[in-house]
Amino acid sequence: MSKEATQKPAMAWWETAVVYQVYIRSFRDGDGDGLGDLAGLRARLPYLASLGIQALWINPWYPSPMADAGYDVADYRDIEPSFGTLAEGEELISEAHALGLKVVLDIVPNHTSSEHAWFKAALQGDSQARARYIFRPGKGDNGELPPNDWESNFGGPAWTRLLDAEGLEGEWYLHLFAPEQPDLDWTNPEVRFEFEDILRFWFDRDVDGFRIDVAHGLSKAEGLPDFGVQPDAPVHSEPHPAWDQDDVHEIYRGWRKVADSYDPPRIFVAEAWVANNERLANYLRPDELHTAFQFDFLRAPWRAKVMREVIDDATDSAAEVGAPSTWVLSNHDVVRHVTRYARSQPPALSESVWVRAQWDKEPADLELGLRRARAAIMLTLALPGTAYLYQGEEFGLAEVEDIPSELRQDPMWWQSGYTDPGRDGCRVPLPWSGDQPPFGFSPEGATKSPWLPQPKSWATRTQEALENDPDSILNLYRAALRLRTELLEGMTPPEWIDSPADVLAFRRGDVECWVNTGDVGIQLPDKRVLLRSDDGVEGGQLPSDAAAWLVDT
Ligand code: BGC
């Protein structure tokens with residue numbers, strides 16, 4: 001028996017799980033209104049279980065005016081009516097559990113919706129409610145300038161000015177994202193108490209854990225000092241008074257106590273865009289959060305050298321705090337990786353997953369992107385720790401880059417002054433079946449079209465079409481997920497094998513993973529091919545942009 005297998009019984013589910021991200025608006029529409037919902041998701045739970053994943057992460061499903069697709073929460077203890085009811089949510093959790101799937105929800109603690117009861121009360125002058133947000137007088141002779149120079153993550157100033165009780169221009173409030181997402185003041189104990197209570201509300205309903213939205217944003221530097229003008233600094237690379245402040249850790253120590261008071265204990269995964277893995281490891285100390293997304297992997301170009309550095313850095317720093325690594329290729333905020341890999345690759349870690357710099361500058365070779373995506377999932381699933389899959393990546397979906405401007409819905413589009421197309425292109429409703437839109441996303445007789453238009457070319461990318469093709473990317477995902485559970489789970493780091501510079505080659509347990517990111521094929525060692533990313537892998541050859549898992553003959 002291999003070392004990996006002997007370790008297995010001691011591992012908690014969250015140390016090894018492959019988690020499937022459900023972006024609920026775009027997963028499946030059960031009632032025909034063009035928006036995904038709980039009924040649609042419940043109907044597809046057996047499909048998800050059949051993939052061989054262990055858990056679901058569901059993007060925010062709470063009541064929301066949808067200024068930022070649900071990340072503007074109006075009530076943290078209920079479900080958005082267009083998605084369904086709280087009772088349906090409870091059913092969904094128990095149905096997922098019956099299929100062996102854990103359920104992770106998304107909590108949004110940095111800001112509420114401007115339609116949240118607290119903010120509405122704050123606007124009506126309720127001083128107790130106002131103290132839960134960050135209101136400040138402006139600078140300048142008449143307070144006409146924002147209190148500091150912070151910018152919203154979506155572009156433009158992070159402050160909006162309000163009218164006071166007399167209808168005159170009054171104080172400003174902080175919003176690190178859209179104006180409809182006012183930031184909470186986490187120095188206020190009422191805010192802390194409220195969120196610990198929200199955690200209990202869902203843990204009492206058997207939710208297994210939370211993904212924490214903008215986990216690095218809750219605490220701001222005292223006095224809210226200016227950042228200083230650094231127009232060329234890449235996102236979150238410089239210490240910024242709004243991000244990754246040391247005070248934030250105290251909040252998570254409190255949350256951990258809540259999670260540990262349950263049997264079995266509940267878990268957290270942090271979304272924290274911080275400067276480096278040392279800073280990220282702070283969130284993973286034993287009395288804080290369990291895991292955090294390793295975004296360097298998602299920012300890495302298709303280049304063996306960079307990927308290897310990222311993998312080593314992530315596994316080393318996770319090992320130091322005893323946490324599993326957490327690999328992600330795509331999510332609802334970044335350009336889908338088929339498209340990222342379909343253009344020329346930057347020499348080093350890229351910022352462009354966020355700013356989408358290339359979308360109108362260089363045509364995408366989607367066939368190449370898809371080949372690389374097939375190899376990339378074999379790399380991802382051979383790595384230690386946990387992995388997150390984003391819905392539709394198992395269909396090989398590419399970013400939809402030609403959504404007409406007037407149909408775009410992401411606030412990033414207008415807040416960036418129409419320079420950044422935003423994230424709609426990775427959020428287009430999934431194609432399930434049939435040969436034309438809505439491709440089974442909505443039921444027969446639906447009254448509305450999907451909330452974003454689906455490309456006609458998706459006729460070949462539906463679940464139905466891919467299920468029937470033994471060589472499809474969907475069937476590659478199924479095979480890789482099955483083999484991973486059998487042979488590759490665990491936290492042991494990769495043991496690197498000597499290989500050409502453009503090739504990643506490592507052993508974990510009984511399996512060798514070989515990935516060729518270069519332009520020329522290479523000879524593989526004389527071993528049995530357990531799985532290959534495409535049929536070019538034959539006769540001991542590994543062509544460019546392909547991967548193979550090998551075992552002893
Ligand atoms: C979420 C985004 C959201 C933002 C504000 C992010 O990290 O993933 O989709 O727009 O937080 O809540």
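All ligand and atom numbering here is 1-based and tracks the order in the structure. Numbers here are sequence positions counted from 1.
- Within a 6.0 Å radius of CZ in F193, no more than 12 heavy atoms belonging to other residues, nucleotides or ligands are found.
- Remark: ligand 1 atoms within the under-4.0 Å shell around heavy atoms of R427 are 9 (O).
- The pair R130-E171 counts as a salt bridge, with a side-chain nitrogen and a carboxylate oxygen less than 4.0 angstrom apart.
- Near H111, meaning under 4.0 Å from one of its heavy atoms, ligand 1 places the atoms 5 (C), 12 (O).
- In this comparison of D213, N153, D106, the heavy atom closest to atom 6 (C) of ligand 1 sits on D213.
- Listed by chain and number, the residues in a side chain to side chain donor-acceptor pair (under 3.5 Å) with Q294 amount to none (sequence neighbours excluded).
- With respect to D260 and K257, no salt bridge is recorded, no charged nitrogen being found less than 4.0 Å from a carboxylate O.
- Among D333, V334, D68, the residue whose heavy atom lies nearest to atom 9 (O) of ligand 1 is D333.
- The shell of residues lying under 4.0 angstrom from ligand 1, judged by heavy atoms, excludes H216.
- Against a heavy-atom cut-off of under 4.0 Å, V214 is close to the following atoms of ligand 1: 7 (O), 11 (O).
- Residue R423 has at least one heavy-atom neighbour below 4.0 Å for each of these atoms of ligand 1: 2 (C), 3 (C), 9 (O), 10 (O).
- In summary, the atoms of ligand 1 found under 4.0 Å from a heavy atom of R211, numbered by their order in the structure, are 1 (C), 7 (O), 8 (O).
- For S330 and Y388, the side-chain atoms include no donor-acceptor pair closer than 3.5 Å.
- Considering both main-chain and side-chain atoms, W273 never comes within under 3.5 Å of ligand 1 through any nitrogen or oxygen pair.
- Of all heavy-atom pairs spanning V104 and W13, the tightest one is CG2-CH2, 4.0 Å.
- Contacts of D31 classified as side chain to side chain donor-acceptor pair (under 3.5 Å), with partners at least two apart in sequence or in another chain: none.
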